[in-house]
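Order of the sequence lines fixes the chain letters, A, B, ..., with proteins taken first and strands second; residue numbering starts at 1 for each chain.
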Amino acid sequence: MHIPDGFFPISQAAMYWIIALIFIALSLRWAKREMSEEKVPLVAVLAAGIFAIQTLNMALPISIIPGGVSGHVVGAALAAIVLGSPFAAIFILTLVLILQGIFFGDGGITAMGANIINMGVLGGFFGFYTYQPVNNVFRNRFCAAFIAGWVSLFIPAIVCAVELAVAGTLPLTFGLITMGVYHAVIGIIEGGVTAFAISLIIHARPDIVSGEIPAGARKAGDMLIVAGITIALGIAIFAPYYASTYPDGLDSTFLSAYGAKEVSTVHIDESKVASAESAVIEKTGNSFSWQAPLPGYSLPGLDKPGEVLAILFGVIILFILGFGISRFIARKN
Amino acid sequence: MIEELFYIEKAAYRDSVIHQLDARVKIIGMFAVIIAMVAIPYSPLVFTVGVLFFAFLAALWALAGLPWLIYAKRLLMVLPFGFFIIVFQIFFTNRYYPVFHVIANLPFGIHIYAESVEFAIILFVKFVVCVTAIILLSSITKLHDMLEGAGRMGLPPEFALTFGMMIRYLFVFGYIYRKINESLTTRCFDPFNSALPYRYRMKQIGYTVGTIFIRSYEQGERVYTSMLCRGYGKDSHIFIAKKPLRTVEWLFLIFCLCLAVIVPVETWLTGVRLL
């Protein structure tokens, strides 16, 4: 998932760098505020440890490509869970990615901003904020760490495919399918290894795991988050197969008004739809038309699975926005 | 990758005119080449600029007296992800060409387009030149020199301090990694052995990762204690002495920056095509 140089136009690479720098600055603020003098050498040595961990390869659980493909752990979820903050993951992964980019050529210099966003920011945030509520609700660290590890790899891979599609260097549909499938499988390694590693660390050195919730009542808020996400994902997966194909009220009125559809029937005269749109443009004088990246809640050429992916993508984006805004407002208050 | 660390440093510890240059000059020079290469639009202009940049980087590699085998090995190590995207380009249309011409028809309605092949080669040239610049930079600059150079150029002290310590312990973990691998081999454990249950293999790797994590944490605690003994405190910062650039270093820096600007502009203006 380390995007090399040359796969983004320079303007987009600069934009990703700006976003990454904001998160790096936030992680530095976290480091200044949260890192006691003791934690400075600790985080530095942990970053070296995470780098070593990333070199431990193992075969994929399902053979996708003949001849075998291996995968390794990224470690964002692991670092965020153990150190008790997604900013810890951003800080450590930024160090690791700089080292990999500058010394090993693994991931580009101009593309490093995007790589930090994908693996550090998204990996850390999704890993941490998946682990916490799942662990609170189900009281099962192993299961929570597995899901957190899987999500922390899968979501960045999907975002990586979208970034490359926006850059025009990888078709969206092909990118989502290949990156999604490959990282859904490789995520099993990330999830499994994170779960076993967390399990070992908690048994061997429980004192080093930050933010471990003491045994007690389940948090209603966490339950709500897990239930909400589960329902939203369930709807995203099943909605395209059960949703009505008829136009909604506004569309129906518009089509009826221009003779493309009878008010009392469901039949649409496709030949008159284009002329109805042309008539509106002529009347209003406004020919602006926004070319949406996912038109009609779908991915071009993918039929129903494309609609599922498009809705999943929307759910994730709205979750990030909603969660980010609520955190921001809560902190202000 | 961690095994690679040892021979990268071995290459960086050689002595040559290029190795002796200040790290700042080398960092800025190589970054300028990379940024210039990335900034060129996706067009056949990339071929000429790419060849000229590659010739410059190859000349520096030769001047540094580095073996070409090291370059080839390191290039192969970083190829997979970029190569995957490049290879699949030939089967798809993209937004950078208005018209596409089919040059081969494959089963299942798959086509190979002439323009897509050209686009794939453009991506490949950009990718190879940028990776070559990084391989060169890391092969002619020691890790600590690079950190000092970055510190002198304004890397935040929190990062400089942490990054310095990270570099210091990378080699420790390189050896730990070797030992762990040896002990796993001694116990006849192979993570790629499909005869072993997958859950068991994952558990072993998970515990190994957890062990490395705990070992790195405990190493961090020991480092902290020993640093306290040497007067470390929360206000400690990495000290980097000022170092003015020599005339030859200024000249090299100016040459690199001029090259990064003039080569693409001149190629665009004159329309010279080397390929």
Just so I understand: if I count every heavy-atom pair under 4.5 Å between each of B:Gly206, B:Pro41, B:Ala120, B:Ala12 and chain A, which residue has the most? B:Gly206
Below 4.5 Å, heavy-atom pairs only: which of B:Arg222, B:Met37, B:Gln219, B:Glu218 has the largest tally toward chain A? B:Glu218
Using 30° and 60° as the class limits, which term best fits the ring planes of B:Phe163 and A:Phe103: parallel, tilted or perpendicular? parallel
Most chain B-contacting option - heavy-atom pairs closer than 4.5 Å, from A:Leu99, A:Leu164, A:Leu170: A:Leu99
Heavy-atom distances under 4.5 Å only: say whether B:Met30 touches chain A with side chain, backbone, both or neither. neither
Hey, what do you get for CZ (A:Phe196) to CE (B:Met202), rounding to the nearest 0.5 Å? 7.5 Å
Side chain, backbone, both or neither: which part of B:Phe31 has an atom under 4.5 Å from a heavy atom of chain A? side chain
Inter-residue atom distance B:Ile212.CD1 - A:Leu200.CG, 0.5 Å rounding: 11.5 Å
Heavy-atom distances under 4.5 Å only: say whether B:Tyr96 touches chain A with side chain, backbone, both or neither. side chain
As a quick check of understanding, evaluate side chain to side chain contact (heavy atoms under 4.5 Å, CB included) for A:Asp106 and B:Met77, giving each step before the final call. CA-CA 8 Å; A:Asp106 196 15; B:Met77 289 279 291; over 6 Å; no
In this structure, CZ of A:Phe7 is separated from CD1 of B:Ile85 (nearest 0.5 Å) by 5.0 Å
Pick one of side chain, backbone, both or neither for B:Ile135, based on which atoms fall under 4.5 Å of a heavy atom in chain A. neither
Identify the heavy atoms of A:Gly101 and B:Ile134 that sit nearest to each other, and give their distance. O-CG2, 3.2 Å
Testing the basics here: between B:Val38 and A:Phe8, what is the closest heavy-atom pair and its distance to 0.1 Å? CG1-O, 3.5 Å
Using modelled atom types only, decide if a donor and an acceptor are shared between the side chain of B:Tyr42 and the backbone of A:Gly6 within a distance under 3.5 Å. yes
B:Phe88 portion near chain A, given a 4.5 angstrom heavy-atom threshold: side chain
Heavy-atom closest contact (B:Ser138 atom, A:Ile102 atom, distance): CB-O, 3.7 Å
Do B:Phe92 and A:Phe174 have ring centres separated by under 6.0 Å? yes
Sort B:Ile176 into side chain, backbone, both or neither according to what part of it lies under 4.5 angstrom from a heavy atom of chain A. neither
Give, as side chain, backbone, both or neither, the part of B:Thr211 having an atom under 4.5 angstrom from any heavy atom of chain A. both
Chain A contacts, top residue of B:Ile34, B:Asn94, B:Val131 (heavy-atom pairs, under 4.5 Å): B:Ile34
Is it the case that more than 12 heavy atoms not belonging to B:Phe84 sit under 6.0 Å from its CZ atom? yes
Between A:Ala167 and chain B, which part of the residue has a heavy atom less than 4.5 Å away: side chain, backbone, both or neither? backbone
Residues B:Phe213 and A:Val82: closest non-hydrogen pair is CE2-CG1, 3.4 Å
Taken to the nearest 0.5 Å, the spacing of B:Met166 CE from A:Ile92 CD1 works out to 9.0 Å
Under 4.5 Å from a heavy atom of chain A, the part of B:Arg199 involved: both
What part of A:Ala161 gets within 4.5 angstrom of chain B, counting heavy atoms only: side chain, backbone, both, or neither? neither
For B:Phe124, which atoms come within 4.5 Å of any heavy atom of chain A: side chain, backbone, both, or neither? neither
Quick check on A:Pro171 against chain B: is it the side chain, the backbone, both or neither that has a heavy atom closer than 4.5 Å? side chain
Which atom names give the shortest non-hydrogen contact between B:Ile214 and A:Ala204, and what distance separates them? CD1-CB, 3.7 Å
In terms of heavy-atom proximity below 4.5 Å to chain B, should A:Thr178 be classed as side chain, backbone, both, or neither? side chain
